[in-house]
Amino acid sequence: MSDDSRPTPASARTAAVIPAAGRGVRLGPGAPKALRALSGTPMLIHAVRALAASRAVSLVVVVAPPDGAAEVKSLLDAHALPDRTDFLVVPGGDSRQESVRLGLDALPPEYDIVLVHDAARPLVPVDTVDAVIEAVREGAPAVVPALPLADTVKEVEPAAVPGDPEPVVATPERARLRAVQTPQGFDRATLVRAHETVEDDVTDDAGMVERLGLTVVAVPGHEEAFKVTRPLDLVLAEAVLARRRLNDGF
Ligand code: C5P
């Protein structure tokens, strides 16, 4: 591990922040993405349960659509969630980055480890959550779950008009690339500093910690931690849930 490493005491408490304030336009028209149902239960409730399934997580902060905090609060009240986990709901912002920052602002002081998890990844297995927490406890300031890529990736010069041919400018070596998921785990002070100092648009929180010059480590992700983005992802999510129900039945 790098010089940034600093083991966190075993007593460190873990909170999860779930940004759920996005509209999810790529999924098609309808309710905000996090509130859409999977097997009859809102995606957000699946995501909250997935994080609360970890015995290490004692608080979940849900960042709701700016005008939907009351609705999200009553959803959480209406669904069975573990007694040992506390819940808070705060209104979100215009960007994912701002929503995460608003979630961090709401964290009580006693939490030293923070997970940030997309509501749009409702089916992450608890073992992945625990592996991320463990790596932070062992001293990494930032941890991402990541998977090798099936596709070869090309860097292109993006076309001005979507759909026009795009010149390829580079082909990164696939074996060195990873697709990054959530929950991403952080030493709380590091993540707060990243959100205070990094102003560039980044698509994940670990990217902000990289901008601070700190080492981010990747641990194995899981294919069921995929992000529900497009209509086909809803079909896949329903299939995963159906398989889990079958397996639970035996
Ligand atoms: O849009 P994308 O799929 O990247 O969003 C990832 C997560 O960030 C989703 O859970 C979404 O609800 C959340 N988000 C947010 N606030 C925004 C935009 C996105 O909490 N303004």
Side-chain angles (χ1 to χ4, degrees), residues 1-8 16 19 22 26-27 47 50-51 54 56 96-97 100 113-159 162-187 190-191 194 198 200-237 239-240 243-244:
M1 202 143 289
S2 77
D3 292 345
D4 310 325
S5 301
R6 181 164 51 85
T8 312
R26 286 170 291 182
L27 211 49
L51 275 279
S54 167
R96 182 185 182 282
Q97 221 161 324
V100 171
I113 296 176
V114 182
L115 303 181
V116 180
H117 181 62
D118 290 334
R121 297 183 189 271
L123 304 181
V124 60
V126 68
D127 288 353
T128 307
V129 179
D130 285 336
V132 169
I133 297 170
E134 192 49 36
V136 180
R137 286 202 167 138
E138 282 171 9
V143 179
V144 296
L147 288 179
L149 296 182
D151 294 327
T152 293
V153 172
K154 305 278 184 199
E155 183 183 345
V156 298
E157 193 54 54
D164 278 2
E166 300 177 313
V168 169
V169 296
T171 304
E173 188 192 339
R174 188 173 65 189
R176 293 178 62 85
L177 296 178
R178 301 288 181 266
V180 167
Q181 306 176 320
T182 72
Q184 300 190 348
F186 303 90
D187 159 58
T190 303
L191 184 60
V198 178
D200 316 350
D201 254 348
V202 286
T203 49
D204 73 338
D205 297 273
M208 301 176 76
V209 172
E210 286 165 54
R211 301 285 166 101
L212 295 179
L214 298 176
T215 303
V216 174
V217 298
V219 298
H222 196 286
E223 59 182 0
E224 292 181 6
F226 65 94
K227 181 153 74 167
V228 176
T229 307
R230 296 182 184 83
L232 196 57
D233 299 323
L234 289 171
V235 179
L236 181 59
V240 170
R243 190 179 62 186
R244 286 185 187 176

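FYI, the numbering just counts along the sequence from 1.
By the side-chain hydrogen bond (donor to acceptor under 3.5 Å, both in side chains) test, Ser54 pairs with Asp130, sequence neighbours left out. Residues satisfying the side-chain hydrogen bond (donor to acceptor under 3.5 Å, both in side chains) criterion with Arg211, sequence neighbours excluded, are Asp200. With sequence neighbours excluded, no residue forms a side-chain hydrogen bond (donor to acceptor under 3.5 Å, both in side chains) with Gln181. Contacts of Arg244 classified as side-chain hydrogen bond (donor to acceptor under 3.5 Å, both in side chains), with partners at least two apart in sequence or in another chain: Glu224.
Taking every heavy atom of both residues into account, Asp233 and Phe226 meet most closely at O-CE1, 3.7 Å. Nearest heavy atoms, Thr190 versus Leu214: CG2-CD1, 3.4 Å. Closest heavy-atom contact between Ala237 and Val228: CB-CG2, 4.4 Å. When all heavy atoms are compared, the tightest approach of Ala140 to Val217 is CB-CG2, 3.7 Å. The minimum heavy-atom distance between Arg137 and Ile113, with the atom names listed, is CG-CD1, 3.7 Å. When all heavy atoms of Pro231 and Leu27 are compared, the pair lying nearest together is N-CD1, 3.8 Å.
Distance alone, capped at 3.5 Å, places no donor-acceptor pair between the Arg178 side chain and the Pro145 backbone.
Contact annotation: the side chain of Asp201 approaches that of Gln97 to within less than 4.5 Å [non-hydrogen atoms, C-beta and beyond].
Residue Val180 is tested with Leu147, Asp204, Val216, Thr203 for a side-chain contact (heavy atoms from CB on, under 4.5 Å); the sole match is Asp204.
Every pair tested for salt bridge (Lys or Arg N to Asp or Glu O under 4.0 Å) that includes a residue from residues 148-159 fails, sequence neighbours excluded, so the list is empty.
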Sequence neighbours left out, cut at 3.5 Å: what donor-acceptor pairs do the side chains of residues 114-127 make with other protein atoms?
| from | atom 1 | to | atom 2 | distance (Å) |
| --- | --- | --- | --- | --- |
| His117 | ND1 | Thr182 | OG1 | 2.8 |
| His117 | NE2 | Arg121 | O | 2.8 |
| Asp118 | OD1 | Arg96 | NE | 3.0 |
| Asp118 | OD1 | Arg96 | NH2 | 3.0 |
| Arg121 | NH1 | Ala225 | O | 2.9 |

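Within 6.0 Å of the CD atom in Glu166, the count of heavy atoms belonging to other residues, nucleotides or ligands exceeds 12.
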